Structure formats: structure tokens, C-alpha cells
Amino acid sequence: MCNMAAYAGRKAAAPILFRMLQSQEGLGGGHYNGIATIHEGKIHMIKVIGSTADLLRRHPEVLELPGTVGIAHSRTPGIDSDEWAQPFFAHDEELIYCANGAAGRFKRNNCNAAYDLDKSEGIRYRTLVEKPAEGYPVMNDGCGVHSSEIVANLVRRFHKTGLPVRQAMGKACAELKSEIAALALAVNEPDTVSAIRINQPLMWGRKEDGFYLATSAFALENENINWINPVPAASLMTMGRDKIEFEAYEDYIPYFAGCNPLTAVNAALDAMLDSGKDFCVQDFCEEARKCWPEDKMAVTNMTVYEYLREKVHSNVIESFTIDSPGSGAGLIAPQTRFRKIRS
């Protein structure tokens, strides 16, 4: 599970985004990190394979990226290449996109039509590898690409028809259905972050300087934000420095109706912690997923994050970080683990 962050306000975005990535990366990212900002009609982006520490070591100028609007991403293991870090530029660098999640129940999606159309127009994919990439779409030509780069170009294609970015994201996710949350910037919507949330976690917060988004509320709390709220499931949104707008995303609403197994989830996670062992976020998510009916869209990750946040604040559990093998030669990735505090 990846982690994301966004900011639209009156302060320099890059340092804020870096801090929010840093405070989340051990929860599910840490293998790649990237930050993108928008300023004076241009999107500026720096990303690397490696942790936030690697990002800062290789590119200390990342904290000086210009602009007061931006998005950031920290992702899970993958190919040993900076290009597989997110966010992803659309081919003309007029739009940039990142996502958390996967195809999920829609894993039979066929990305070839979008890819072949791009290829026929001479569009080059930066994540292209000339062999299948495990866990990612295999194209008709036998190559592998990151599915989110396909979606980035698809969002750009729909946006060029005149759709606002958030609606272009919705149309792309109707064509290539998935279980995600995603963020985007576009040069002709320079003052806003656009987003979509299907079922993956996304929280928003407000301070006097602007609006914030993050995968986990832990990141928002570290920015001293007290007013924290979930982005509604099955929704599109636009976030500027002075307002935030939501729009129901009708295509996915039926997947959520009449399902809220919070009591069962809390009992299952309590039992895990009562074992005396320690667990990472993914362990909790896998256990929580069992509580949702197969015909409904699980909201496991958001539920787990909020469960853990409440237990930390109640001094029931504690967190600690270990080093795990990274996705590049000689690299390590942080992993945050949780355990019950012994009385």
C-alpha cells in the first residue's frame, strides 16, 4: 500500500509535502519517493527509488521546488528504476498523476486499448520494460508498464476534451476500473489539486494557510492540524487554498451500500494485538479484509489507519520502525510496526 500527500495553500509546498511523506513512509511506502509542485505554468518534479532520506541525500534541492501547490507519493516495492517512482507525468508534462491501490476486483481490466492508442500516436512510456513486470499489465507487444502511467495519459486525454481534471480522473477510472485513491496536478488548473477516492484511504485537513491531504491522518497531525476529515468513498474532489469541493462518483457507489462491519474489524484487530506480537499495517489490513462481504468494496486501509490512530492516542499501542530490504541495490526501506503496550 502506497502513501500520498497534497497541499494547496500559501506556504511553500515542497517542505510540507516532504514532511508528510516522511511521517507516513514506514506505514506502507518507503521504497520510492517523489514530490511534484506547480509554479508559473510548469510542473516541477523530483523522484527517486529509495526512502525520503535517499530523496533528500540525492536531491537536497527537492525542498526548494517552487510553488504553493503540490502532490507527493511514497510507494511499495517494485523495479529497480527511478522511473517507477511516482508521480507520473502524462506524455506532454502538462499533467502529473499518482495513485495508491491496485485493480483489486477489477484485475481483469485490459489496458491494451489505451496503451495501443498512445503508442500509435508516438507516445513514449517512461516505465516501459521489454518484458513482463510482475503485478503490472502485460501489453500486446509483450512489454510491461506501470498501470498508473497508462492512467496518467488517459486522464490527460480526457482533460484535453474540456473536462475538469477531477472529472477526467473519474472518466479514466470508469474505463479502467480499480480500487484506488489518486491525485493530479495540471498546468491549466494551477491553483488546485484534483483527487479521486474509490476505497483507498485519503484524509483532508484545514489550517489557516490552506488545505492538506494525506493517506493517513498521522501525517496531518504531525502538521498540527486538528480539523481532520475523511474524503468520502466514491467521490471526486478539487482542493484549493481557500476551499475544497466534493462530487459523488456514481459509478462506484453501489459497491459500498449497506456495508459497515466496524464492530467485526475492531474485534479482529484487538485479537491480533492481544497476541502480544507486533505487526505492520499490511498485516492488519489483510485481517480486516476478511470482515467485508465479497460483493462489497472493502475500506480496510482507511479503517485500519483510524483504528491504529485511536489506539496510539489512547496509549494502548506503540509504534517502532525497523529497516527492511529496499527495491534498489544496497537500499533499505523503513517499516513501521505496532504492538500492544505491556502494563
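Keep in mind it's a predicted model, so treat the numbers as computed, not measured.
In this structure, F106 has its ring center under 6.0 Å from that of Y255.
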Would you please test S324 and Q335 for side-chain hydrogen bond (donor to acceptor under 3.5 Å, both in side chains) and show each step? CA-CA 6 Å; S324 61; Q335 184 188 85; 5.1 Å; no
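Closest approach of A72 and L183 over heavy atoms only: O-CD1, 4.5 Å. Closest of all the heavy-atom pairs between A14 and I35 is O-CD1, 4.1 Å. V155 and L95 make their closest contact through CG1-CD1, 3.8 Å (heavy atoms, listed as atom of the first residue, atom of the second, distance). Taking both residues in full, the closest heavy atoms of A217 and E306 are given as CB-OE2, 3.7 Å, listed atom of the first, atom of the second, then distance. G50 approaches N33 most closely through the heavy-atom pair O-ND2, 2.9 Å.
Among residues at least two apart or in separate chains, side chain to side chain donor-acceptor pair (under 3.5 Å) pairs with a member in residues 156-165 are D92-R156, D118-R157, E121-R157, H159-N188.
With Y115 as the partner, the side-chain hydrogen bond (donor to acceptor under 3.5 Å, both in side chains) test is satisfied by one option alone out of N153, N140, D141: D141.
For the atom pair CD (Q24) and NE2 (H73), the distance works out to 10.5 Å, reported to the nearest 0.5 Å. One finds the CG atom of L269 at 11.5 Å from the CZ atom of F338 (value rounded to the nearest 0.5 Å).
Sparse packing is recorded around CG of N226, with 12 or fewer heavy atoms of other residues, nucleotides or ligands lying under 6.0 Å away.
Contact check on R124 versus E83 returns no salt bridge, with no Lys/Arg side-chain nitrogen under 4.0 Å from an Asp/Glu carboxylate oxygen.
The closest side-chain heavy-atom distance from V145 to M139 is below 4.5 Å.
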